[in-house]
There are 2 protein chains.
Amino acid sequence: MSTLELLEEHIVFDGTQYKYRHESQTLACSMTFSLFLPNKEKFSNPPLLWWLSGLTCTDDNFTHKAGAQKAAARLGVAMIMPDTSPRGEDASDSEDFDLGQGAGFYINATEQPWASHYKMYDYITKELSAIAHGRFQLTGPEFISGHSMGGHGALVIGLRNPERFQSISAFAPIVNPSQVPWGIKAFSEYLGNDKENWREWDAMELLKHDTSKKIPVLIDQGDADPFYEKQLQPAKLAAVADAENYPLTIRMQKGHDHSYYTIASFIEEHLEFHLAQLATNQ
Amino acid sequence: MSTLELLEEHIVFDGTQYKYRHESQTLACSMTFSLFLPNKEKFSNPPLLWWLSGLTCTDDNFTHKAGAQKAAARLGVAMIMPDTSPRGEDASDSEDFDLGQGAGFYINATEQPWASHYKMYDYITKELSAIAHGRFQLTGPEFISGHSMGGHGALVIGLRNPERFQSISAFAPIVNPSQVPWGIKAFSEYLGNDKENWREWDAMELLKHDTSKKIPVLIDQGDADPFYEKQLQPAKLAAVADAENYPLTIRMQKGHDHSYYTIASFIEEHLEFHLAQLATNQ
């Protein structure tokens, strides 16, 4: 396991917010991630929420702007926030905000120049998971959530690992990347033009063919979100869930947009949703 | 009154977060400020909290990072967040983070090159106040709070206007700028070397000679704040308050540092403090 360099440590409520840097073997570059731990005296083996951010974000956006530490401290939930892509001069990039650095899409790229670094799925599900479970001894139940591109990531990673994650939630997720501009652009570059290879990275395809354990999903979508109609289209996922009898709840939030203000408004309810599923399972 | 340009508008909880730009006549430059309004259906004439940020900040830092909208929405408090200095090419600047843009110190400069623009005291207490009271019809009770340099600003503006502000609170304020490096550097530049002219901008001097209405003050200070001993020294203010029988409470917060994580942790208690004083006064 790689060495962790502690970059920041702050008391917040009665928990602690950390930021670390490490050399990722999976991504072949230096990466940062953030971690919130609730008070150890009160919560000795807290459940762990994985939070995946959207296009252009780093691990800082949710950490700084969601105000989630208050609820996580009260409820006793640890939270880990990975960055959204490989970083640095070695990792390929583009001038576009929706391709390259800041736009990893939580997949394993197969096409060059991306395939040498862009393995965010393996990074999160294996390398960073080993750090969370090993170095930080976070061996409790796990949930996954995210926003926009990170909502896509949460859905794909959760649906592909239903034995590991108890539940999934998302804010304004890209539910069907194979069919919308952001996803088509990224998948063409990262995975090539054979759309057969896109299916394992598309939440709608995964839900359609799901034969495994059905873990509950909660989605919040603002009706004033400028990306709602063209890029997100959660109703398509709802229709598949209905047909498959999949436990998916989509809540339309009146007046809410695509910003972190929407995440701040509902993140406490997402944490409570995850804990409620856990209580049901026990 | 100058024209307001709406830059941002977001639903957050059941309130609305705005960001505006306007041409300030007082500062002779273009300025931004942020404003949170609680739900108008529930709170028709909310009290108004003025929030003053610290060195290097803009109106965005508190707005993005303090998570204050949740408590403000629940309690029905409007919040206005000014920028921390004049801005733009015309307004003088320095290469230092603690002088010039981002470091207005909430005073009226008398020395050039600063005096042409650096009139933050008049900007806040007159021009922006007229916008808050007139354009936004915020005519309820008013409180003032801030962080570090903004804690100094809140103390000075509050103590100089005790008939207007019901109460003052601060996080890690500079309580005696005339005697600490940040304040000496800024006051020498903005006010000149005659220290007699500094007294009206120094909270400790104001408290020492206070003969007017005594409005309550709450201060939170982290004991892991790296600026605590050299720049902040709240115990000096506490000693004067004791001698003057002034209603000042200083709370040392264990393990807390100078960051917005400390503000996030206690801002709800500050709002409740201000509302409690209001209830006492009614």
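This is a predicted model, so every value here is computed, not measured. Labels below follow one simple rule: chain letters A, B, ... track the order of the sequence lines, proteins then strands, and each chain is numbered from 1.
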Whether over 12 other heavy atoms sit under 6.0 Å from Tyr228(B) OH: no
Partners meeting side-chain hydrogen bond (donor to acceptor under 3.5 Å, both in side chains) with Gln101(B) (sequence neighbours left out): none
Residue-level interface, residues 9-16 of chain A with chain B, non-hydrogen cut-off under 4.5 Å: Glu9(A), His10(A), Ile11(A), Val12(A), Phe13(A)
Residue-level contacts of residues 52-74 of chain A with chain B, using a heavy-atom cutoff under 4.5 Å: Thr63(A), His64(A), Lys65(A), Gln69(A), Lys70(A)
Any residue of residues 263-275 of chain B which, by heavy atoms, sits under 4.5 Å from chain A: Ala264(B), Ser265(B), Glu268(B)
